[in-house]
**Student:** 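I'd like to ask you about the structure that follows.
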Amino acid sequence: MRIFIYYLLVFTHNLGCGALFYTASKRIAFEGGTPLEASLTFAAWSAPYALSSLLASRWIRSDNAGAFAIVGSLISLLGIGIFCAFSHFTALYFAMIIIGLGGALFMSPMISLIKRASGGARNASPLRTAGFVTCTWSTGCSAGPLLAGFFWPLGGGGGWRIAFLIWATGYLAYLTHWKHLSNPPEARGKEKASSAAPYAGFPDLLRLGWLVGIVGCSAIALLRSLLPYKTSLLGIPPVEDGAIQTLLNLTQAGTACVLAFGSYWMFRAKKVLLLGMAGTVGMLLLAFGHSAGPLGLGCVAFGLYSGMFYTYWSFHALLDPTRSAANLSINEFFAGLTGVLSPLCAGLLALWFSNDVPFALGALPIALVTLIQWKILGRIKKRRVV
């Protein structure tokens with residue numbers, strides 16, 4: 001029951017994040033802002049997220065993760081209040097900064113608590129944990145834009161706040177029951193050690209996982225910061241726009257859930273190559289699509305890739321149980337860092353050229369890193385393929 005609550009908290013946290021990225025970009029567009037101003041909303045969230053994740057990687061342990069989650073909840077609630085109460089661009093950026101700081105101090109500890117609580121389960125493994133966590137937060141991210149877009153017309157265009165109310169409720173629920181949720185029972189040493197045993201004969205590909213994650217998160221940051229702006233200028237209604245981005249996250253969630261029941265796909269070159277090609281095609285469709293159909297198809301194609309790379313780098317981060325909390329925080333740091341640099345570059349390219357150019361150029365690093373993966377994984381001897 002406790003682990004179900006952890007997954008529910010991850011869901012509500014990312015529901016809010018999905019609504020936040022979607023709403024911030026569209027509010028800038030509706031107020032006549034530039035593509036650079038719209039993309040900088042994601043950068044404003046990502047910079048403090050990266051910094052707090054880096055600090056968290058040094059301090060978070062399984063025994064103090066609950067305390068960090070409390071601090072992250074309180075900071076995030078403050079940011080949510082500011083975002084919902086004020087409409088000036090400066091207030092939006094300030095709220096994004098606060099929420100980014102609190103988000104990292106909540107998400108990394110929560111994954112650590114999930115890992116600790118599930119360590120003794122019969123079907124526990126780094127791959128299952130990575131896949132289920134990716135599926136859970138991806139589903140949350142899909143619900144955020146969908147709810148914000150659906151309720152947008154209510155209250156004279158302020159109905160998006162309903163999604164933020166659900167988001168805040170998750171933090172308040174954790175704060176109300178923090179004594180029970182902050183200290184899950186830990187698995188026995190023998191059970192903990194056995195979770196990574198099936199992969200003992202494979203090479204350590206943590207650094208490759210980080211490389212894949214950096215490229216993938218850069219593409220995600222570009223998509224989340226600029227796609228709502230592009231669809232607003234194309235005249236696509238908020239309800240359809242929210243559904244388009246929901247397709248991305250639902251496909252990502254479904255892919256991660258399927259991959260969680262695999263065994264050794266993350267060491268197999270052909271499977272990774274196919275999913276990498278889907279990501280490249282998806283970015284090209286997002287670049288040259290100018291209606292809901294092609295953009296939705298592009299999100300589905302890219303979701304196949306993002307479901308793979310998020311599961312891939314989370315798996316390698318969780319593989320060493322003694323370093324999993326620190327590795328997860330480093331993952332979050334890279335996610336935050338790319339969230340600063342990618343929207344900034346994308347916004348400038350869109351300002352100088354067009355809204356299509358950043359997506360077209362974003363396909364290139366995905367294709368390149370996929371070829372690198374294919375080359376490295378092709379050298380691993382086949383064994384116990386399932």
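Atom set for the values below is all heavy atoms of this structure, side chains included, hydrogens, waters and symmetry mates excluded.
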**Student:** Check whether any side-chain heavy atom of Tyr229 sits under 4.5 Å from a side-chain heavy atom of Thr41, and report yes or no.
**Tutor:** no

**Student:** Do Val281 and Val369 belong to the same hydrophobic cluster, where Ile, Leu, Val, Met, Phe, Trp and Tyr are linked whenever their side-chain heavy atoms lie under 4.5 Å apart, directly or via other members?
**Tutor:**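 In one cluster: no.
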
**Student:** Do Phe94 and Phe86 have ring centroids that are under 6.0 Å from one another?
**Tutor:**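 Ring-ring flag for Phe86/Phe94: false, centres at least 6.0 Å apart.
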
**Student:** Taking all atoms of both residues into account, what is the closest heavy-atom pair of Cys135 and Cys257, and its distance?
**Tutor:** SG-CB, 3.8 Å

**Student:** Under the ring-ring contact (aromatic ring centres under 6.0 Å, His included) definition, can you give me all pairs with a residue in residues 340-377, not counting sequence neighbours?
**Tutor:**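 Qualifying pairs: none.
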
**Student:** Report, one line per pair, each donor and acceptor closer than 3.5 Å where one atom sits in a side chain of residues 147-157; sequence neighbours left out.
**Tutor:**
none

**Student:** State the CG-CG distance between Leu259 and Leu275, to the nearest 0.5 angstrom.
**Tutor:**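 Separation between the atoms: 6.5 Å.
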
**Student:** Before you tell me yes or no, could you show the steps for Leu344 and Leu36 under side chain to side chain contact (heavy atoms under 4.5 Å, CB included), namely the whole-Å CA-CA distance, both residues' side-chain angles and the distance that decides it to 0.1 Å?
**Tutor:** CA-CA 7 Å; Leu344 179 60; Leu36 179 59; 4.1 Å; yes

**Student:** Treating Ile, Leu, Val, Met, Phe, Trp and Tyr as nodes and any side-chain heavy-atom pair under 4.5 angstrom as an edge, say whether Ile372 and Val272 lie in one connected cluster.
**Tutor:** yes

**Student:** Can you find a heavy atom in the side chain of Leu40 that is under 4.5 Å from one in the side chain of Met96?
**Tutor:**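 Not in contact.
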
**Student:** Kindly compute the distance separating CG (Leu74) from OH (Tyr174), expressed to the nearest 0.5 Å.
**Tutor:**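 If we round to the nearest 0.5 Å, Leu74:CG and Tyr174:OH are 10.5 Å apart.
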
**Student:** Within the structure provided, determine whether Val10 and Met107 are in side-chain contact (heavy-atom separation under 4.5 Å).
**Tutor:**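 Of all side-chain heavy-atom pairs linking Met107 with Val10, at least one is under 4.5 Å.
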
**Student:** Centre-to-centre under 6.0 Å for Phe83 and Trp160, is that the case here?
**Tutor:**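 Between Trp160 and Phe83, which both carry aromatic rings, the centre distance is below 6.0 Å.
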
**Student:** Could you give the distance from CG (Leu234) to CG (Asn355), rounded to the nearest 0.5 Å?
**Tutor:**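 With rounding to 0.5 Å, CG (Leu234) is 8.0 Å from CG (Asn355).
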
**Student:** If you take all heavy atoms of Thr134 and Ala256, which pair is closest and at what distance?
**Tutor:**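 Between these two residues, the closest heavy atoms are CG2-CB, 3.5 Å.
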
**Student:** About how many Å separate CG of Leu364 and CG of Leu284, when rounded to the nearest 0.5 Å?
**Tutor:**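 It is 8.0 Å, given to the nearest 0.5 Å.
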
**Student:** Between Phe132 and Phe261, is a ring pair (Phe, Tyr, Trp, His ring centres under 6.0 Å) present by the stated rule, with each step listed?
**Tutor:** CA-CA 10 Å; Phe132 290 158; Phe261 289 95; 5.6 Å; yes

**Student:** Are side-chain heavy atoms of Thr23 and Phe164 found at a separation under 4.5 Å?
**Tutor:** yes

**Student:** Check the angle between the aromatic planes of Tyr312 and Trp265 and answer parallel, tilted or perpendicular using the 30° and 60° thresholds.
**Tutor:**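 Plane angle between 30° and 60°, so tilted.
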
**Student:** Under 3.5 Å, side chain of Ser306 to main-chain N/O of Gly303, donor-acceptor pair present?
**Tutor:**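 Present.
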
**Student:** Under the rule for side chain to side chain contact (heavy atoms under 4.5 Å, CB included), what residues qualify as partners of Pro48, not counting sequence neighbours?
**Tutor:**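 Expected list: Ile97, Leu101.
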
**Student:** Yes or no on side chain to side chain contact (heavy atoms under 4.5 Å, CB included) for Leu295 and Leu285, after CA distance, side-chain angles and deciding distance?
**Tutor:** CA-CA 6 Å; Leu295 292 176; Leu285 286 170; over 6 Å; no

**Student:** For a 4.5 angstrom cut-off between non-hydrogen side-chain atoms, does Leu127 reach Thr311?
**Tutor:** yes

**Student:** Just so I know, are the side chains of Leu377 and Leu205 near enough to count as touching, which here means a heavy-atom distance under 4.5 Å?
**Tutor:** yes

**Student:** Could you go through the ring pair (Phe, Tyr, Trp, His ring centres under 6.0 Å) check for Trp45 and Phe21 one step at a time?
**Tutor:** CA-CA 9 Å; Trp45 173 87; Phe21 305 145; 4.9 Å; yes

**Student:** Given ring pair (Phe, Tyr, Trp, His ring centres under 6.0 Å), test Phe333 with Trp210 step by step and report yes or no.
**Tutor:** CA-CA 11 Å; Phe333 166 72; Trp210 281 336; 10.0 Å; no

**Student:** Donor-acceptor pair, distance only, cut-off 3.5 Å: does the side chain of Ser342 make one with the backbone of Gly339?
**Tutor:**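 No: the side chain of Ser342 does not pair with the backbone of Gly339.
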
**Student:** Hey, can you tell me if Trp167 and Tyr171 have their rings parallel, tilted or perpendicular (30° and 60° cut-offs)?
**Tutor:**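 The rings of Trp167 and Tyr171 sit tilted, inter-plane angle from 30° to 60°.
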
**Student:** Mark yes or no for whether Thr255, through its side chain, and Gly307, through its backbone, hold a donor-acceptor pair below 3.5 Å.
**Tutor:**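 Answer holds: no.
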
**Student:** Give the intermediate values and the outcome of side chain to side chain contact (heavy atoms under 4.5 Å, CB included) for residues Leu286 and Cys299.
**Tutor:** CA-CA 7 Å; Leu286 292 172; Cys299 283; 4.0 Å; yes

**Student:** Can you see which heavy atom on Glu37 is nearest to which on Gly33, and at what distance?
**Tutor:** OE1-CA, 3.1 Å

**Student:** Do the side chains of Met308 and Val300 join up, straight or via other hydrophobic residues, at under 4.5 Å, putting them in one cluster?
**Tutor:**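 Result: no, two separate clusters.
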
**Student:** Is it the case that one hydrophobic cluster holds both Leu211 and Met283, taking links as side-chain heavy atoms less than 4.5 Å apart, direct or via other members?
**Tutor:**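 Same cluster.
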
**Student:** Are Thr139 and Asn249 packed together at the side-chain level, in the sense that at least one heavy-atom pair is separated by less than 4.5 angstrom?
**Tutor:**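 Not touching, per the 4.5 Å side-chain cut-off.
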
**Student:** Under a 3.5 Å distance rule, please check whether Thr12 uses its side chain to pair with a backbone N or O of Leu9 as donor and acceptor.
**Tutor:**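 Checked: pair present.
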
**Student:** Please check if the side chain of Glu240 supplies one atom and the backbone of Pro237 the other of a donor-acceptor pair under 3.5 Å.
**Tutor:** no

**Student:** Heavy atoms only: give me the nearest Ile82-Ala91 pair and the separation to one decimal.
**Tutor:** CG2-O, 3.9 Å

**Student:** Would you confirm whether Ser52, through its side chain, and Tyr49, through its main-chain N or O, come within 3.5 Å as a donor-acceptor pair?
**Tutor:**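 Yes, because the side chain of Ser52 sits within donor-acceptor range (under 3.5 Å) of the backbone of Tyr49.
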
**Student:** To the nearest 0.5 Å, what is the distance between OG (Ser25) and CG (Leu92)?
**Tutor:** 11.0 Å

**Student:** What distance do Leu20 atom CG and Asn14 atom CG have between them, rounded to the nearest 0.5 Å?
**Tutor:**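 With rounding to 0.5 Å, CG (Leu20) is 11.5 Å from CG (Asn14).
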
**Student:** What heavy-atom pair brings Ile214 and Trp313 nearest, and what distance separates the two atoms?
**Tutor:**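 Where Ile214 meets Trp313 most closely, the heavy atoms are N-CZ3, 4.5 Å.
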
**Student:** Could you tell me whether a side-chain N or O of Thr246 sits under 3.5 Å from a main-chain N or O of Ser142, the two making a donor and an acceptor?
**Tutor:** yes

**Student:** Could you walk me through whether Ile220 and Gln252 pass the side chain to side chain contact (heavy atoms under 4.5 Å, CB included) check?
**Tutor:** CA-CA 11 Å; Ile220 282 284; Gln252 178 177 294; 4.1 Å; yes

**Student:** Quick one: are Pro358 and Leu226 in side-chain contact, heavy atoms under 4.5 Å?
**Tutor:** yes

**Student:** Keeping Ser76 on the side-chain end and Ser73 on the backbone end, is there a donor-acceptor pair under 3.5 Å?
**Tutor:** no

**Student:** Please confirm whether the backbone N or O of Ala287 pairs with a side-chain atom of Lys230, one donor and one acceptor, at under 3.5 Å?
**Tutor:**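 Yes, the answer is positive, given that a donor and an acceptor are paired below the 3.5 Å cut-off.
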
**Student:** Hydrophobic cluster membership, with links at side-chain heavy-atom distances under 4.5 Å among I/L/V/M/F/W/Y: are Leu341 and Phe334 in one?
**Tutor:** yes

**Student:** Quick check: does any side chain N or O of His177 sit under 3.5 Å from a backbone N or O of Leu175, one acting as donor and the other as acceptor?
**Tutor:**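 Such a contact is absent between His177 side chain and Leu175 backbone.
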
**Student:** If you take all heavy atoms of His316 and Leu206, which pair is closest and at what distance?
**Tutor:** O-CD1, 3.6 Å

**Student:** Can you say whether the rings of His13 and Phe106 are parallel (under 30°), tilted (30 to 60°) or perpendicular (over 60°)?
**Tutor:** tilted

